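Basis for what follows: all heavy atoms, side chains included, without hydrogens, waters or symmetry-related copies. Since the model is a prediction, treat every value here as computed from it, not as a measurement. Start at 1 with the first residue, then count along the sequence. Numbering of ligands and ligand atoms starts at 1, following listing order.
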Amino acid sequence: MNTNLSSSVPSQLETDCLVVVVLDQSEKDQSKKDKPAVTVESSDAAVREAAKDVISSGEVTGKTFETTLLHRPAGLKAKRLLLVGGGKAKTFSAAELRKLAGAAVRTLKSKSIRSFAFVFPETAVPASEGVPAIVEGAFVGNFDPGYYKSDRNEKDQKIDALTIVVHGDAHDAKDMESAMQAGRIVAESQNFTRDLVNEPSNRMTPTIMAERAKKMAAEVGLNCETYGADKIKQLKMGAFWGVAQGSDEPPALIVLRYDPVGAADKIHLGLVGKAVTFDTGGISIKPADGMEKMKYDMAGGATMIGVMRAIALLKLKVKVTAIICATENMPSGKAQKPGDVQIAMSGKSIEIINTDAEGRLVLADGLCYARQLGCTHLVDAATLTGAVVVALGYVNAGIFASDEQMYERFANANKQAGEKMWRLPLDDEYKENLKSNIADMVNAGSRWGGAIFAAMFLKEFAEDTPWIHLDIAGTAWMEEAKPWIAKGPSGIALRSLVEFVKGWES
Ligand code: BES
Ligand code: MN
Ligand code: ZN
């Protein structure tokens with residue numbers, strides 16, 4: 001999708017469709033009807049005039065994602081005018097704007113429209129935040145998961161060109177342009193991650209994932225090394241290998257390094273991702289119902305690869321290393337069995353109670369390796385537990401943090417990125433559940449508080465390094481399409497992580 005900025009007067013712009021935000025100005029206790037309840041967010045009187053009749057008819061309420069399409073709007077050069085509701089004016093922010101841009105794209109592309117102009121809602125959001133938000137939302141909305149559909153009419157239903165109309169000369173054109181390009185980098189990285197996650201397991205094996213990471217790294221100038229079973233065994237990654245040993249498909253340890261000049265030498269961020277390219281559960285096999293979804297069990301790893309792409313292209317001045325542990329989790333004659341004991345890279349012994357609790361095993365060694373490489377702060381992302389879906393549903397991802405300062409930084413980044421996440425606890429009391437009769441710990445315990453148990457397990461391997469764990473099991477895959485995003489891979493956590501890395505620039 002081409003993106004460009006225009007400072008034209010919206011009514012004078014020739015476009016297939018002009019998109020304008022409408023907001024609901026009413027407040028609950030407002031009885032007086034002296035001011036209009038719905039406002040059109042454009043300083044161009046001709047645009048407001050074109051929308052006047054349909055608004056006074058009462059058809060337009062400004063409700064979030066409500067769309068109203070007018071053809072041949074009077075007084076405008078645009079062929080169509082699309083009004084998109086942004087909800088209550090009081091609570092409108094860049095996060096809403098991002099979703100509206102996605103909703104506009106999804107509404108228009110389904111009508112075979114290929115280009116449009118989005119009028120920037122000047123009074124509602126500052127342009128420095130709003131312009132990248134529109135670009136991000138538009139790219140995310142343009143993503144089409146129907147890769148293997150052979151019907152041409154179902155495919156390629158995408159928007160080709162987006163113009164953002166930022167009126168007047170109040171804004172520095174150069175700043176706007178670079179804000180737009182930054183939004184584009186982040187959004188394309190998010191879609192890059194979604195591309196990886198969308199692929200089925202026969203087309204996204206650990207080996208293929210490593211190749212994709214290598215190819216991307218070469219394109220953006222990152223250092224990428226990928227290793228196989230030999231190196232995993234040589235590093236004594238017994239927990240990672242315990243999972244990988246059951247599969248005929250070789251595992252991959254993917255290491256992406258970004259060490260720019262000008263980065264503070266005391267800070268070295270480590271991003272660790274779970275990339276189980278298919279999780280059958282292993283010998284503790286999962287029920288058949290819904291098992292096909294376990295192709296997205298590599299979303300954490302795919303997220304970290306996408307984050308590395310974004311930070312390299314944004315040229316952020318922070319040293320970052322990503323470690324992606326890619327493997328299948330299969331039942332076979334070579335597979336690990338319940339009761340087996342594995343020795344992790346850190347030297348800790350683990351009794352395998354349930355072979356389906358494999359994500360924490362691969363991450364245990366990934367976290368340990370990140371520490372060995374000198375990372376001073378760790379973040380992992382993983383589709384780790386069904387229990388986080390029980391706790392938070394499909395709405396919020398789970399955040400766990402061992403360090404308050406690091407949490408504050410992440411929470412700020414997360415807010416800026418407009419992604420829904422919620423913190424869960426890591427009290428010492430939960431540690432009781434890790435106890436094993438035969439080894440240092442078990443890999444699975446009681447079903448109560450399962451997401452917390454998994455996080456407590458990981459904490460044993462992050463040790464005293466400040467660490468954040470993101471459980472994205474319920475949020476990495478959209479179970480339903482939303483107005484702003486298709487059903488399928490969401491790319492959750494990427495934007496928050498890019499913002500988080502940005503926050504460490506000195
Ligand atoms: N990959 C699953 C978690 C998952 C569940 C991801 C639903 C996406 C959607 C993970 O490896 C797993 O199987 N976890 C088990 C752990 C249990 C055996 C302790 C779970 O949550 O049931
Ligand atoms: Mn599992
Ligand atoms: Zn899994």
Side-chain angles (χ1 to χ4, degrees), residues 197-198 201 204 206 209 239-240 242-244 246-247 249 251 272-303 324-331 335-340 342 350-366 380-398 400 424 430 433-434 436 441-458 469-480 487-490 492-493:
V197 177
N198 198 38
S201 76
M204 189 50 62
M209 205 169 169
F240 184 2
V243 179
S247 177
E249 206 50 72
V272 182
K274 167 181 176 182
V276 175
T277 58
F278 197 80
D279 182 10
T280 65
I283 297 297
S284 315
I285 199 161
K286 288 181 182 294
D289 206 23
M291 204 206 270
E292 74 284 353
K293 297 255 305 289
M294 282 303 113
K295 70 171 188 170
Y296 85 83
D297 211 19
M298 34 62 77
T303 302
I324 294 97
C325 301
T327 178
E328 289 186 334
N329 185 25
M330 297 291 283
Q336 68 178 347
K337 301 172 286 297
D340 287 1
Q342 308 290 12
I350 305 164
E351 181 187 3
I352 310 299
I353 299 297
N354 192 317
T355 65
D356 198 10
E358 86 296 342
R360 62 201 73 179
L361 296 173
V362 307
L363 289 175
D365 285 341
D380 77 71
T383 47
L384 203 63
T385 66
V388 84
V389 194
V390 175
L392 299 173
Y394 295 119
V395 177
N396 279 284
F400 298 83
L424 293 167
Y430 293 107
N433 304 316
L434 289 173
S436 162
M441 65 188 96
V442 290
N443 79 325
S446 120
R447 52 188 290 233
W448 309 118
I452 303 170
F453 176 92
M456 290 302 290
F457 180 92
L458 295 180
H469 158 57
L470 304 175
D471 194 337
I472 57 172
T475 46
W477 193 266
M478 305 299 298
E479 296 293 323
E480 304 282 349
K487 179 174 173 171
S490 68
I492 182 74

Identify, by atom number and element, the atoms of ligand 1 in contact range of [X], meaning under 4.0 Å from any of its heavy atoms.
| X | value |
| --- | --- |
| Ala473 | 6 (C), 8 (C), 9 (C) |
| Met294 | 1 (N), 6 (C), 7 (C), 8 (C), 9 (C) |
| Lys274 | 1 (N), 10 (C), 11 (O) |
| Glu358 | 11 (O) |
| Asn354 | 18 (C) |

[X] versus [Y], closest heavy-atom pair with distance:
| X | Y | value |
| --- | --- | --- |
| Gly474 | Tyr394 | O-CD2, 3.1 Å |
| Ala364 | Phe457 | CB-CE2, 4.2 Å |
| Gly450 | Thr385 | O-CG2, 3.9 Å |

Among all protein non-hydrogen atoms, which one is nearest to atom 9 (C) of ligand 1, and what is the separation to 0.1 Å? Tyr296 OH, 3.3 Å
Considering non-hydrogen atoms of the protein only, which is the closest contact for atom 16 (C) of ligand 1, and what is the distance? Arg360 NH2, 3.6 Å
Should [X] be counted as touching ligand 1, given the test is an N or O pair under 3.5 Å?
| X | answer |
| --- | --- |
| Asp356 | yes |
| Gly386 | yes |
| Asp297 | yes |

Keeping the roles fixed (side chain from [X], backbone from [Y]), state whether a donor-acceptor pair exists under 3.5 Å.
| X | Y | result |
| --- | --- | --- |
| Asp471 | Gly398 | no |
| Asp365 | Ala239 | yes |
| Lys274 | Ala299 | no |
| Thr355 | Pro338 | no |
| Asn443 | Ile353 | yes |
| Asp340 | Lys337 | yes |

For atom 3 (C) of ligand 1, which of Leu384, Asp279, Val243, Val390 has the closest heavy atom? Leu384
Taking the Zn ion (ligand 3) as the apex, Asp297 OD2 and Lys274 NZ span an angle, rounded to 10°, of 100°
Is there side-chain contact between Trp477 and Lys295, with at least one heavy-atom pair below 4.5 Å? yes
Does at least one non-hydrogen atom of Lys293 fall below 4.0 angstrom from an atom of ligand 1? no
Quick check: does Asp356 have an N/O/S atom under 2.8 Å of the Zn ion (ligand 3)? no
Looking at the Zn ion (ligand 3), is one of the N, O or S atoms of Val276 less than 2.8 Å from it? no
Here the N/O/S atom of Asp279 closest to the Zn ion (ligand 3) would be OD2
To make sure I understand the geometry: which N, O or S atom in Glu358 is closest to the Zn ion (ligand 3)? OE2
When you draw lines from the Mn ion (ligand 2) to OD2 of Asp279 and to OD1 of Asp356, what angle lies between them, to the nearest 10°? 100°
Give the atom name of whichever N/O/S atom in Glu358 sits closest to the Mn ion (ligand 2). OE1
Of the side chain and backbone of Lys286, name the one, both, or neither that has a heavy atom under 4.0 Å from an atom of ligand 1. side chain
Quick one: OG on Ser201 to CE on Met298, what's the gap to the nearest 0.5 Å? 10.5 Å
How about CD on Glu480, more than 12 heavy atoms from neighbouring residues, nucleotides or ligands closer than 6.0 Å, or not? no
